[in-house]
Amino acid sequence: MVGRPQPRRALVIRRTVRFLDERSGAAPFLRKALRYVFPDHWSFLLGEVALYSFVVLVLTGIYLTLFFKPSLAVVHYHGAYLPLRGREMSEAYESTVNISLSIKAGLLMRQTHHWAADVFVAAIVLHLLRIFFTGAFQKPRDLTYYIGLVMLIFALLEGYLGYSLVDDLLSGMGLAIGYGVAMSLPFVGANISQLLWNGPFPGGHDFESRMYMAHVLLLPLLIGGLILLHLTLVAARHHTQFAEGRATEKKVVGMPTVPAYAPRSLGLAFAVAAVLFLMGGLIQINPIWQWGPYHVSQATNGAQPDWYLGWLIGALRLVPNFDVTIGHYTLVPNPFWGGAGFPMFVFLVLFAWPSLERRVTGDYAFHNLLDRPRDAPWRTAIGVAFFTWIFVVFLAGAADRMFVMFDLSYRGQIWAFRVLVWVLPVVALFVAKRVCEELLRGEVVEVRRKLVEAEPVG
């Protein structure tokens, strides 16, 4: 029986694939990639939300670089926004106002870029919480966990530099705070500040160019490289999964890349992009034309950074007024404790936790199955207490906003937060541990009840 001739298009595709495979040897890799199995659980999508937010960040950032001028040269504004006409400002601020009010799709792109940055950091933080409370940082995935933490540090720095480039009143105040924190570093603070700012605050004109290069080139490359390395390690060690159904330490249960998971992931990518552009088009964020250009002599009440730096502002507010001095020499100025010491301690704990837990539990085995939070009561309790501590500090960062909006005493709020920052974590620790123990006890009771019901009567 003579077979039907293949369509010309299919023949061309087959020959093209054969040509590429014979010269690249990619077929085994592609076959393995297409058969890669993804566990089916919603919490694994948090990392993908971060990935796709980063893609939107890069694409909108490329558009913005076409019109932004990273220069502190003084100009007079003659653009479309009447309240600012004739005002003296930097080229950086003028170009950002023009992007927002004169360039086609400029405001949409700038606000989408800003929202994408906020969602990017939020997704990383939520992903970190999922990793911590399920024990996904355990061997052999501790290196992947460390890379994620470094990525979070770079993301925070990238966001800070991004909104500092604009040279509006709020970003200028944020840079002034950053300068004070850098100056407070013991022994090396003055030298580092002089190196970065090229002089006393507000620094030389070179500082804007340095921020710009770090924001649009160095940090995006570093973050992109860490994402690639992170995904490579995840694929090499495979995804973790919850101990449900037929899943075991040596068997992954889920859906293959094609035809099941790839369409779902692609749909999530379009959904993330759509939501971010909707937010950029409908929800105003950082209307810099209302704040005006930055001048050293000017300040404003209720100034707030983006949400992901609120915990640092809160720490600066809560630390009492004291310096470490030796004679007339100030060894550790006050801003160091909240602006540098607090975040350094937080990340030190996060980096040290996998090793600390292994030493305390004596568990050095490989783990491919995730824990439920209740399965590790002490880890969950300490984690809840630790993140409650950070969250209270984060809330303290909004004390000035609560004073402006609700007329609450600023001094009274600070003293209340200074008490709550120690009381609430202890309460959270005992409550979380008790809840985990009760959930486990309830499961044991339920199993015993089922066993009794299953016993034959008589």
Just do the salt bridge (charged side-chain N to carboxylate O under 4.0 Å, His left out) check on Arg237 and Asp142 with the steps written out, would you? CA-CA 11 Å; Arg237 303 311 309 180; Asp142 42 358; over 6 Å; no
Once the angle between the rings of [X] and [Y] is folded into 0 to 90°, is it parallel (under 30°), tilted (30 to 60°) or perpendicular (over 60°)?
X	Y	value
His230	His127	perpendicular
Phe201	Tyr179	tilted
His114	Tyr163	parallel

Show your reasoning for whether side chain to side chain donor-acceptor pair (under 3.5 Å) applies to Arg359 and Tyr364. CA-CA 8 Å; Arg359 289 190 178 186; Tyr364 291 86; 5.2 Å; no
Considering all heavy atoms of both residues, which atom of [X] and which atom of [Y] are nearest to each other, and what is their separation?
X	Y	value
His76	Gly86	CD2-O, 3.5 Å
Ala80	Ser102	CB-OG, 3.9 Å
Leu64	Gly106	CD2-O, 4.3 Å
Ile223	Glu158	CD1-CB, 4.1 Å
Phe68	Leu165	CZ-O, 3.7 Å
Pro202	Trp197	O-CD1, 3.6 Å

When rounded to the nearest 0.5 angstrom, what is the spacing between [atom1] in [X] and [atom2] in [Y]?
X	Y	atom1	atom2	value
Leu46	Leu129	CG	CG	9.5 Å
Leu195	Ser193	CG	OG	9.5 Å
Leu276	Leu57	CG	CG	8.0 Å
Leu429	Lys433	CG	NZ	8.5 Å
Met183	Asn191	CE	CG	9.5 Å
Leu72	His205	CG	NE2	5.5 Å

Short question: side chain of [X], backbone of [Y] - any donor-acceptor pair under 3.5 Å?
X	Y	result
Ser90	Tyr93	yes
Ser95	Ala92	yes
Thr380	Pro373	yes
Thr112	Met109	no
Tyr63	Phe67	no
Arg110	Asn286	yes
Arg372	Thr134	no
Tyr81	Gln290	no
Thr65	Ile62	yes

Could you verify whether a donor N or O on one side chain and an acceptor N or O on the other, from [X] and [Y], lie under 3.5 Å apart?
X	Y	result
Trp353	Glu357	yes
Asp168	Ser171	yes
Ser265	Tyr52	yes
Asp323	Thr330	no

Heavy-atom side-chain contact between [X] and [Y] under 4.5 Å:
X	Y	result
Met213	Glu208	no
Arg317	Ile414	yes
Tyr145	Leu128	yes
Met211	Leu175	yes
Trp115	Thr60	no
Asp167	Pro293	no
Tyr160	Tyr308	no
Pro186	Phe336	yes

Do other residues, nucleotides or ligands put more than 12 heavy atoms under 6.0 Å from the [atom1] atom of [X]?
X	atom1	answer
Leu282	CG	yes
Phe270	CZ	no
Phe430	CZ	no
Phe347	CZ	yes
Tyr212	OH	yes

For [X] and [Y], I'd like to know if the aromatic rings sit close, meaning centre-to-centre distance below 6.0 Å.
X	Y	result
Phe387	Phe132	yes
Phe54	Phe120	yes
Phe322	Trp337	yes

Tell me, which pairs form a salt bridge (charged side-chain N to carboxylate O under 4.0 Å, His left out) where one or both residues lie in residues 74-99, sequence neighbours left out?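 Listed by first then second residue: nothing to list.
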side-chain contact (heavy atoms from CB on, under 4.5 Å) for Phe391 and Val421? Distances and angles first, verdict last. CA-CA 9 Å; Phe391 185 68; Val421 78; over 6 Å; no
If you apply the rule side-chain contact (heavy atoms from CB on, under 4.5 Å), what do you find for Ser184 with Asn334, and how did you get there? CA-CA 7 Å; Ser184 72; Asn334 179 263; over 6 Å; no
Apply side-chain contact (heavy atoms from CB on, under 4.5 Å) to the pair Val150 and Leu222, showing each step before the final yes or no. CA-CA 10 Å; Val150 175; Leu222 287 171; over 6 Å; no
side-chain contact (heavy atoms from CB on, under 4.5 Å) evaluation trace for Thr240 with Phe137: CA-CA 10 Å; Thr240 52; Phe137 55 80; over 6 Å; no
Side chain to side chain contact (heavy atoms under 4.5 Å, CB included) against Val346, all qualifying residues, sequence neighbours excluded: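 Counting only residues at least two positions away or on another chain, Val346 forms a side chain to side chain contact (heavy atoms under 4.5 Å, CB included) with Trp311, Phe342, Leu350, Phe386, Trp389, Ile390.
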Are Asp363 and Lys139 close enough for a salt bridge, meaning some N to O gap below 4.0 Å?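 Looking at Asp363 and Lys139, the cut-off is not met.
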Among Arg141, His238, His239, which one satisfies side-chain hydrogen bond (donor to acceptor under 3.5 Å, both in side chains) with Asn368?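 Per the side-chain hydrogen bond (donor to acceptor under 3.5 Å, both in side chains) rule, the option paired with Asn368 is Arg141, out of Arg141, His238, His239.
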